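Worksheet: the structure to be examined is printed underneath.
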Amino acid sequence: MLKRNMLTLALAATAAIFSTQLQAKVTVFAAASFTNALEDVVSDYKKANPNAKVILSFASSSVLARQINEGAPADIFVSADQKWMDFLAEKKNIEPATRVNLVGNSLVMIAPKNSDVEKIDVRNSDWQKRLDGTFLAVGDPDHVPAGIYAKTALTYLKQWDAVEKKLARADNVRKALLLVERAESPLGIVYATDAMVGKNVKIVATFPADSHPAIEYPAAIVKDKENAETKAFFDYMKSETAKDVYKKYGFVVK
């Protein structure tokens with residue numbers, strides 16, 4: 001009987017430890033363009049909190065928002081635009097009081113580094129001649145935030161109708177970046193931060209700020225996930241230490 005009781009206690013203790021470990025895991029769904037910066041933030045966080053478990057999942061904001069709406073096990077969501085955070089807010093899938101704008105960004109046009117293109121005036125449609133039967137790499141304007149910004153900017157500049165059928169539509173902005181890195185597209189539209197981390201690309205134009213809405217990255221804790229571990233990492237994401245990382249990757253912070 002004594003042995004049985006001891007075994008029961010041992011199993012209960014093991015179960016309690018396992019349960020604690022499960023609770024300590026924080027899963028963050030974040031826009032693909034936030035990959036490098038957030039990976040560094042997590043690395044720094046783990047150095048200060050060795051037992052912390054932070055799992056990152058990156059994709060287009062639209063894909064992640066829909067997954068969360070369908071019950072995917074995310075604790076924190078970081079979107080590359082307000083639209084998809086609004087979508088989850090309307091579905092009551094976030095804790096509204098936690099919603100905050102983490103960083104800002106800008107929209108640029110890029111070319112392969114060895115391209116003879118050095119500078120483009122996006123207000124002048126002459127740059128379209130550079131496509132010459134090829135395609136402009138963009139996030140899919142139907143749902144990818146970077147592509148939506150690109151469509152808005154080109155529409156404002158009265159150039160959308162001319163390029164709409166000349167797009168290489170990627171399912172997230174990092175895939176659009178990759179098309180230009182591989183010189184599969186002679187030009188692409190991405191965020192400035194993507195261009196900074198991209199290999200073999202260069203910025204040839206920056207879109208006027210008045211050509212598109214301000215590019216903001218809202219973050220929020222997912223509904224019913226506001227536990228101690230999630231709040232601790234979420235607070236760290238908003239800290240001055242994390243802001244220094246964001247700035248290093250070219251994001252705008254306040």
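This is a predicted model, so every value here is computed, not measured. These values consider heavy atoms only, across backbone and side chains, with no hydrogens, waters or symmetry-generated copies. Along the sequence shown, residues carry numbers from 1.
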I'd like to check [X] versus [Y] (side-chain heavy atoms, cut-off strictly below 4.5 Å). Are they in contact?
{"X": "F233", "Y": "V28", "value": "yes"}
{"X": "K119", "Y": "V204", "value": "no"}
{"X": "L136", "Y": "W127", "value": "yes"}
{"X": "L64", "Y": "S57", "value": "yes"}
{"X": "W160", "Y": "P141", "value": "yes"}
{"X": "R174", "Y": "L177", "value": "yes"}
{"X": "L56", "Y": "V42", "value": "yes"}

Write down the atom of [X], the atom of [Y], and the distance for their closest heavy-atom approach.
{"X": "A153", "Y": "F207", "result": "CB-CD2, 3.8 Å"}
{"X": "D171", "Y": "V144", "result": "O-CG2, 3.4 Å"}
{"X": "M85", "Y": "P218", "result": "CE-O, 3.3 Å"}
{"X": "V201", "Y": "A195", "result": "CG2-O, 3.8 Å"}
{"X": "Y191", "Y": "A80", "result": "OH-CB, 3.7 Å"}
{"X": "L88", "Y": "A65", "result": "CD2-O, 3.3 Å"}

Residues V54, K25; criterion side-chain contact (heavy atoms from CB on, under 4.5 Å); working and verdict: CA-CA 6 Å; V54 182; K25 183 176 72 173; over 6 Å; no
Residues which pass salt bridge (charged side-chain N to carboxylate O under 4.0 Å, His left out) with [X], listed by chain and number, not counting sequence neighbours:
{"X": "K248", "value": "D40"}
{"X": "R66", "value": "none"}
{"X": "K225", "value": "D75"}

Could you identify which residues cluster with V63, counting Ile, Leu, Val, Met, Phe, Trp and Tyr as linked when any side-chain heavy atoms lie under 4.5 Å apart, either directly or through a chain of such contacts?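 Traced through the cluster, V63 reaches no other member.
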A quick test of your reading: do over 12 heavy atoms of other residues, nucleotides or ligands sit less than 6.0 Å from NZ of K91?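 Atom NZ in K91 is not packed in, count stays at 12 or less.
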If you draw a 6.0 Å radius around NZ in K231, do more than 12 non-hydrogen atoms from other residues or ligands fall strictly inside?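 At most 12 heavy atoms, drawn from other residues, nucleotides or ligands, come within 6.0 Å of this atom.
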List, one per line, each side-chain donor-acceptor pair under 3.5 Å for residues 181-190, sequence neighbours excluded.
| residue | atom | partner | partner atom | Å |
| --- | --- | --- | --- | --- |
| E181 | OE2 | K199 | N | 2.6 |
| S185 | OG | F135 | O | 3.2 |

Under a 3.5 Å distance rule, please check whether [X] uses its side chain to pair with a backbone N or O of [Y] as donor and acceptor.
{"X": "N172", "Y": "K175", "value": "yes"}
{"X": "W84", "Y": "H143", "value": "yes"}
{"X": "S43", "Y": "E39", "value": "no"}
{"X": "N49", "Y": "N51", "value": "no"}
{"X": "K243", "Y": "K254", "value": "yes"}

Inspect the contact between E118 and K202 and indicate whether a charged nitrogen and a carboxylate oxygen are less than 4.0 angstrom apart.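 E118 and K202: salt-bridged.
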Is it true that D116 and R130 have a side-chain N and a carboxylate O under 4.0 angstrom from each other?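 Yes.
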List the steps and the verdict of side-chain contact (heavy atoms from CB on, under 4.5 Å) for V245 and D44. CA-CA 10 Å; V245 175; D44 291 343; 3.7 Å; yes
Evaluate the side-chain contact (heavy atoms from CB on, under 4.5 Å) criterion for residues K151 and L154: first the C-alpha distance (whole Å), next the side-chain angles of each, then the deciding distance (0.1 Å), finally the verdict. CA-CA 5 Å; K151 178 179 178 179; L154 291 170; over 6 Å; no
Rounded distance [0.5 Å steps], CD1 in I148 versus CG in D81: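 Separation between the atoms: 5.5 Å.
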Roughly how far, to the nearest 0.5 Å, is the CG atom of N69 from the NZ atom of K92?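 It comes to 13.0 Å.
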T152 versus H212, side-chain donor and acceptor atoms under 3.5 Å: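 Distance-only check fails for H212 and T152.
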Side-chain H-bond candidate by donor/acceptor type, D244 with T241, under 3.5 Å: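 There is no such pair (donor and acceptor under 3.5 Å, judged by atom type) between the side chains of D244 and T241.
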Sequence neighbours left out, cut at 3.5 Å: what donor-acceptor pairs do the side chains of residues 94-111 make with other protein atoms?
| residue | atom | partner | partner atom | Å |
| --- | --- | --- | --- | --- |
| E95 | OE2 | D224 | N | 2.8 |
| T98 | OG1 | E95 | O | 2.7 |
| T98 | OG1 | I221 | N | 3.0 |
| R99 | NH1 | D86 | OD1 | 3.0 |
| R99 | NH2 | Q82 | OE1 | 2.7 |
| R99 | NH2 | D86 | OD1 | 2.7 |
| N101 | OD1 | Q82 | NE2 | 2.9 |
| N105 | ND2 | T193 | OG1 | 2.7 |
| N105 | ND2 | Y217 | OH | 3.2 |

Using the benzene-type ring in the case of Trp, are the ring centres of Y236 and Y45 under 6.0 Å apart?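 Yes, ring centres under 6.0 Å apart.
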May I ask you to check whether F34 and F251 place their ring centers less than 6.0 Å from one another?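 Aromatic pair counts; centres sit under 6.0 Å.
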